[in-house]
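Just below is one structure, and these are the notes that go with it.
All heavy atoms count here, side chains included; hydrogens, waters and symmetry mates do not. Numbers for residues simply follow the sequence, beginning at 1. Numbering of ligands and ligand atoms starts at 1, following listing order. Source: prediction; values computed, not measured.
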Amino acid sequence: MQYSVIVVGGGIVGLATALQLIKQKPSLKILVVEKENELAKHQTGNNSGVIHSGIYYKPGSLKATNCMNGYHQLITFCREQGIPFELCGKVIVATSEEEKPLLQNLFVRGQQNGLQNLRKISAGEIKEIEPHVNGLEGIFVPQTGIVDYKLVAEKYGEVLKRQGVEIHLNEKVVNIQAGSSTTTVVTEKTSYATELVINCAGLYSDKVARLTVKDLNVKIIPFRGEYYKLKKDKEYLVKNLIYPVPDPNFPFLGVHFTRMAKGGVEAGPNAVLAFKREGYKKSQINLAELAETLAWPGFQKVAAKYWRTGMGEMYRSFSKAAFTKALQKLIPEIQENDLVDGGAGVRAQACDREGGLVDDFLILEEKNVINVCNAPSPAATSSLAIGETVSGLALKRW
Ligand SMILES: Cc1cc2nc3c(=O)[nH]c(=O)nc-3n(C[C@H](O)[C@H](O)[C@H](O)COP(=O)(O)OP(=O)(O)OC[C@H]3O[C@@H](n4cnc5c(N)ncnc54)[C@H](O)[C@@H]3O)c2cc1C
């Protein structure tokens, strides 16, 4: 069988890319290859479930443009397919004097990104929206919403199958041999010929890219995000979504409270180095993967720069009391025994050799392979826009 396109990875980005391709050019013969026995088992199935508005991202960046565009496409898709979602809005809260100018910068950024009806709110107004939150001032972002991304990805899969796209589960891609016109994708079971490969392998996107790119300048560093859940009788403490002001030097948003579309309220995620790419528990270690991370020159520079933040995150990971203390900045009355374990997700964060955590989405184009090498948050919100961007690059070939 000769395919037009093989997409590696059945997470939300790979599936959205296949959707946009088949929509633009129904004659394409497309295969999605996923190593797990289900779609969306990794980042997509273990995230916070927030439909991001686009307030955080540098104006003009791929994150900003794809988030705004993807937001609208996602909502349209959910409406058409009957996937439950809610645009409940969120508050971002400054809890110290030092955070006030950062909050103001965020407000300006949101306006630059074209967000309508953003509101700066006072301590009293924060209380009207979230009665248990203590903040000096805040921003109300009306566009933010919640959805279950696992459901969204599964629905992408259903639509794809109806349109003739093949999805093969339980097939890990182990090699890619790029030829002059045909490329061979080798899996643990068989091999396939294709005109183009699109790598959307998330936590392994750099590994898959290295099958054809010799001197790839990025490595995926896995950062685990651990959650607690509020006990049922404490869920009243959170109405919707409550976020702190993020550290502008760090690519993560800080522990927040999220009412989940599938029910319950989560608190988290923190950001600790995972000792295994798909390591959802502290005890899971893959020595080869850990050694590779530690040996990467870029990681060593990141560690030297952010060791203090990293140690703090690690401490909060081991100490529930310290995690609770971080949450008390937002909701002072929350107590350690209001929280139960809530699982974890692992973020695929690209880090370049020079020591930068790559901030923007990163899509690298070769002759027969397109590698999506950095698709962290808000890539779930943005998936249909990223898919459109990638399929635009792909379709130039036909
Ligand atoms: C803790 C956490 C919270 C987040 N919160 C949000 C949020 O609230 N809102 C938001 O918009 N975004 C959020 N994100 C980001 C978002 O979830 C990810 O950016 C998005 O899911 C990335 O999708 P993906 O398809 O690239 O990766 P994945 O979902 O990880 O999919 C990649 C797939 O590739 C497969 N694969 C890997 N290697 C191979 C191989 N060799 N052969 C075959 N298959 C392979 C994997 O099994 C996997 O299924 C969060 C992420 C995390 C981890």
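- For NZ of Lys301, the number of neighbouring non-hydrogen atoms (other residues, nucleotides, ligands) closer than 6.0 Å is greater than 12.
- From the protein, the heavy atom lying nearest to atom 26 (O) of ligand 1 is Val13 CG2, 3.5 Å.
- For the side-chain contact (heavy atoms from CB on, under 4.5 Å) criterion with Arg259, the lone passing option out of Val50, Asn240, Ile242 is Asn240.
- At least one heavy atom of Pro376 sits closer than 4.0 Å to an atom of ligand 1.
- Phe77 and His72 have their aromatic ring centers separated by at least 6.0 angstrom.
- Distance from atom 31 (O) of ligand 1 to its nearest protein heavy atom, with residue and atom name: Gly11 CA, 3.3 Å.
- Neither the backbone nor the side chain of Ser382 comes within contact range of ligand 1; no heavy atom lies under 4.0 Å.
- Residue nearest to atom 9 (N) of ligand 1, selected from Leu203, Val50, Val372: Val50 (by heavy-atom distance).
- Ring geometry for Tyr280 against His42 counts as parallel: the plane angle stays under 30°, on a 0 to 90° scale with 60° as the upper cut.
- Contact annotation: Gly9 has at least one heavy atom less than 4.0 Å from an atom of ligand 1.
- Here the closest non-hydrogen pair linking Phe85 and Cys78 is CD2-CB, 3.5 Å.
- For the pair Arg277 and Tyr204, the distance from NZ or CZ to the six-membered ring centre is under 6.0 Å and the angle to the ring normal is within 45 degrees.
- The existence of a salt bridge linking Lys100 and Glu98 is excluded, since no basic side-chain nitrogen approaches an acidic carboxylate oxygen closer than 4.0 Å.
- For atom 7 (C) of ligand 1, the choice among His256, His52, Arg347 with the nearest heavy atom turns out to be His52.
- Taking all atoms of both residues into account, the shortest heavy-atom contact from Val369 to Leu196 is N-CD1, 3.9 Å.
- At a heavy-atom distance under 4.0 Å, only side-chain atoms of Val8, from C-beta outward, approach ligand 1.
- When Gln349, Glu36, Gln43, Glu34 are checked for heavy-atom proximity to atom 46 (C) of ligand 1, Glu34 turns out nearest.
- Within the cation-pi definition used here (under 6.0 Å to the ring centroid, within 45° of the axis), Lys282 qualifies as a partner of Phe318.
- The shortest separation from a heavy atom of Arg224 to ligand 1 is not under 4.0 Å, leaving the residue out of contact.
- Counting only heavy atoms of the protein, atom 18 (C) of ligand 1 lies nearest to Ala375 O, 3.8 Å.
- If you check each of Arg277, Lys35, Glu188 against atom 43 (C) of ligand 1, the one with the closest non-hydrogen atom is Lys35.
- Contact annotation: for Thr258 versus ligand 1, there are no heavy atoms closer than 4.0 Å.
- Within ligand 1, the atoms closer than 4.0 Å to a non-hydrogen atom of Gly49 are 8 (O), numbered from 1 in the order shown.
- The nearest non-hydrogen atom to atom 2 (C) of ligand 1, considering only Tyr227, Phe223, Tyr204, Tyr71, comes from Tyr227.
- For Cys373 against Ile220, the heavy-atom pair with the smallest separation is O-CD1, 3.6 Å.
- Listed here is the closest heavy atom pair of Asn337 and Lys231: O-NZ, 2.5 Å.
- Of all protein heavy atoms, the one closest to atom 32 (C) of ligand 1 is Cys200 O, 3.5 Å.
- By heavy-atom distance, the residue among Val32, Leu211, Asn47 lying nearest atom 51 (C) of ligand 1 is Asn47.
- Nearest to atom 23 (O) of ligand 1 by heavy-atom distance, out of Asn374, Thr44, Val173, is Thr44.
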